There are 2 protein chains.
Amino acid sequence: MTSDDVRTRIIATADDLYNARGIQSVGMDELRTAAGVSLKKLYQEFPSKSSIVMAVLERWHASWTEGLDARVRQADAPRDRLLAMFDYLAEWFGQDSFRGCGFINSFAELGAVSPDVAEYARKHKESFQVYVGHLAADAGAPSDLAPQLSILAEGAQTTAAIAGTSDAAGHARRAAEVLVDAALMRPSRRAG
Amino acid sequence: MTSDDVRTRIIATADDLYNARGIQSVGMDELRTAAGVSLKKLYQEFPSKSSIVMAVLERWHASWTEGLDARVRQADAPRDRLLAMFDYLAEWFGQDSFRGCGFINSFAELGAVSPDVAEYARKHKESFQVYVGHLAADAGAPSDLAPQLSILAEGAQTTAAIAGTSDAAGHARRAAEVLVDAALMRPSRRAG
DNA sequence: CAGCGTATAGAACGATCGTTCTCAAAACAA
DNA sequence: TTGTTTTGAGAACGATCGTTCTATACGCTG
């Protein structure tokens with residue numbers, strides 16, 4: 001087995017465990033057992049737990065970014081592309097493994113004691129806002145729209161996580177439609 | 001010193017520490033020292049750490065609920081009362097001690113391993129949605145509006161916490177104005 | 001087969017967790 | 001004062017944390 005295989009397996013296992021139960025609740029021994037790797041090999045690949053955490057955050061960032069972009073590319077019209085992120089959220093929330101945004105969660109857990117985690121979470125959210133900003137600019141919307149839609153997306157994530165339902169995606173999407181149509185000066189359709 | 005004084009001081013100290021650094025990062029010994037109370041007295045007042053955590057959650061819930069309601073009562077018009085929550089958020093975000101919503105944070109930290117914490121967080125957020133629902137109903141808005149504004153408020157909290165700025169309150173407020181005016185069928189003012 | 005280098009499983013380390021116990025000082029009763 | 005009870009600070013407990021070390025099994029070369 002190559003070194004890359006081992007690394008990948010460790011990160012994938014840590015991804016699952018950290019997402020399901022949080023970072024501090026998962027010890028190195030449990031990760032070692034679940035990944036089927038010796039403790040020595042684990043520390044051969046990663047110098048410390050925090051380096052595994054950072055690798056998992058990178059995986060989460062890549063997975064989220066790619067998944068979102070793929071979903072956005074399915075839409076053609078600028079308005080639909082702006083709203084596609086909420087369809088992506090809906091799919092995500094529907095997964096059994098969904099337990100909230102890993103960045104919000106890891107920031108809540110470790111943001112105050114780990115500057116690295118805090119900064120990575122901040123950059124991830126910032127890159128999302130920048131991405132939404134590009135979509136909004138393509139649609140010709142004023143610059144206010146992007147942070148508003150981003151806040152809606154964040155709120156949907158925490159609401160879905162805590163409430164345990166995926167309704168939040170639908171609510172957020174309908175709110176986004178109103179905001180987008182107002183920004184583009186279209187008449188927004190209202191559920192009479 | 002009465003028993004109530006000791007309890008109150010322990011809870012107030014735990015409030016500060018848990019808010020600033022998270023729950024799992026603060027040990028009983030640190031809490032004991034910061035509260036100026038012997039370990040024996042601490043365990044005399046609370047049978048376990050988790051009971052302290054629950055007491056702090058109750059304090060957070062009461063503080064948030066009362067603060068929000070006080071702010072809402074300052075406004076008279078139904079529309080202003082609906083938007084007042086975002087002014088309350090703005091004040092909160094501006095405090096030095098702000099480090100995100102304690103319920104979102106504690107849910108992220110312990111929701112998966114402590115059913116009590118998960119349920120309390122769920123109920124807190126649900127009670128907020130119900131409160132917003134009453135405000136929306138008083139304004140004559142359709143039932144869709146309340147969850148949408150709630151999601152905006154949640155998103156503002158996580159965004160303000162992670163980004164470290166209080167801009168999110170303003171963005172959320174402006175988005176809320178558009179949603180409220182659309183729901184009430186008023187022409188929404190746009191920043192041309 | 002003999003001998004050597006590597007990889008592994010898991011024992012063990014020091015630190016810290018939540019919690020309990022000890023034991024001396026303080027407070028009170030008579 | 002003397003005897004009893006309550007309080008106090010903090011030592012100590014077992015468990016678990018992240019991390020390191022050791023002792024054994026294995027694969028290779030000759």
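Quick note on labels: first sequence line is chain A, next is B, and so on, each numbered from 1. As the structure is a computational prediction, the values presented were derived from the model and not from experiment.
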Among C:dT8, C:dT19, C:dG10, the one nearest any side-chain atom of A:K41 is C:dT8
A:L42 CG to D:dC21 C1', in whole Å, measures 16 Å
task: Ignoring backbone atoms, test whether A:K49 places a side-chain nitrogen or oxygen under 4.0 Å from the OP1 or OP2 oxygen of D:dG18.
output: yes
note: A:Q44, atom CD; D:dG18, atom P; distance rounded to Å ~ 20 Å
Here the distance between atom P of C:dG18 and atom CD1 of B:I52, to the nearest Å, is 9 Å
Quick note, salt bridge (charged side-chain N to carboxylate O under 4.0 Å, His left out) partners involving residues 152-169 of chain A, not counting sequence neighbours, are A:K125-A:E154
The remaining residues in the hydrophobic cluster of B:F107, counting side-chain heavy-atom contacts under 4.5 Å among Ile, Leu, Val, Met, Phe, Trp and Tyr, are A:I104, A:F107, A:I162, B:I104, B:I162
When rounded to whole Å, the OH to P distance for the pair B:Y43 and C:dC17 reads 11 Å
- Answer yes when B:K123 and B:E119 have at least one side-chain N-carboxylate O distance shorter than 4.0 Å, and no when they do not. yes
Q: Please report the C-alpha distance between B:W64 and B:F128 in whole Å, then the side-chain angles of each, then the deciding distance to 0.1 Å, and finally whether the ring pair (Phe, Tyr, Trp, His ring centres under 6.0 Å) criterion is met.
A: CA-CA 10 Å; B:W64 158 270; B:F128 171 62; 5.6 Å; yes
Note: contacts of residues 14-37 of chain A with DNA chain C (heavy atom, under 4.0 Å) are none
- Task: Identify whether the distance between the nearest side-chain nitrogen and carboxylate oxygen of B:E45 and B:K41 falls below 4.0 Å.
- Result: no
Whichever of B:P47 and B:K40 has the more 5' nearest nucleotide on DNA chain C, that residue is B:P47
Heavy atoms of B:L179 and A:A175 approach each other most closely as CD2-O, 3.6 Å
Here the distance between atom P of D:dG10 and atom CG of B:L39, to the nearest Å, is 10 Å
Table of protein N/O atoms under 3.5 Å from nucleotides 14-16 of chain D N/O atoms:
none

Would you mind writing out the side-chain donor-acceptor pairs for residues 80-87 of chain A within the sub-3.5 Å range, not counting sequence neighbours?
from: A:R81; atom 1: NH1; to: A:A75; atom 2: O; distance (Å): 3.3
from: A:D87; atom 1: OD1; to: A:R173; atom 2: NE; distance (Å): 2.9
from: A:D87; atom 1: OD2; to: A:R173; atom 2: NH2; distance (Å): 3.2

With a 3.5 Å cut-off and sequence neighbours excluded, list the donor-acceptor pairs that the side chains of residues 56-63 of chain A form with protein atoms.
from: A:R59; atom 1: NE; to: A:D15; atom 2: OD2; distance (Å): 2.7
from: A:W60; atom 1: NE1; to: A:D15; atom 2: OD1; distance (Å): 2.9
from: A:H61; atom 1: ND1; to: A:H124; atom 2: ND1; distance (Å): 2.8

Salt bridge (Lys or Arg N to Asp or Glu O under 4.0 Å) filter on B:K40, not counting sequence neighbours, yields none
**Report entry** Presence of salt bridge, A:D5 and A:R9, under 4.0 angstrom
**Finding:** no
By side-chain hydrogen bond (donor to acceptor under 3.5 Å, both in side chains), A:Y43 pairs with (sequence neighbours left out) none
So the salt bridge (charged side-chain N to carboxylate O under 4.0 Å, His left out) pairs with at least one residue in residues 88-114 of chain A (sequence neighbours excluded) are A:R71-A:E91
Ordered by number, residues from residues 111-120 of chain B within less than 4.0 Å of DNA chain C (heavy atoms) are none
Residue set satisfying side-chain hydrogen bond (donor to acceptor under 3.5 Å, both in side chains) with B:T65, at least two apart, ordered chain then number -> none
Read 5' to 3' with Watson-Crick or G-U pairs under 3.5 Å, [ ] for crossing pairs and | for partners on another strand, DNA chain D gives |.|||||.||||||||||||||||||||||
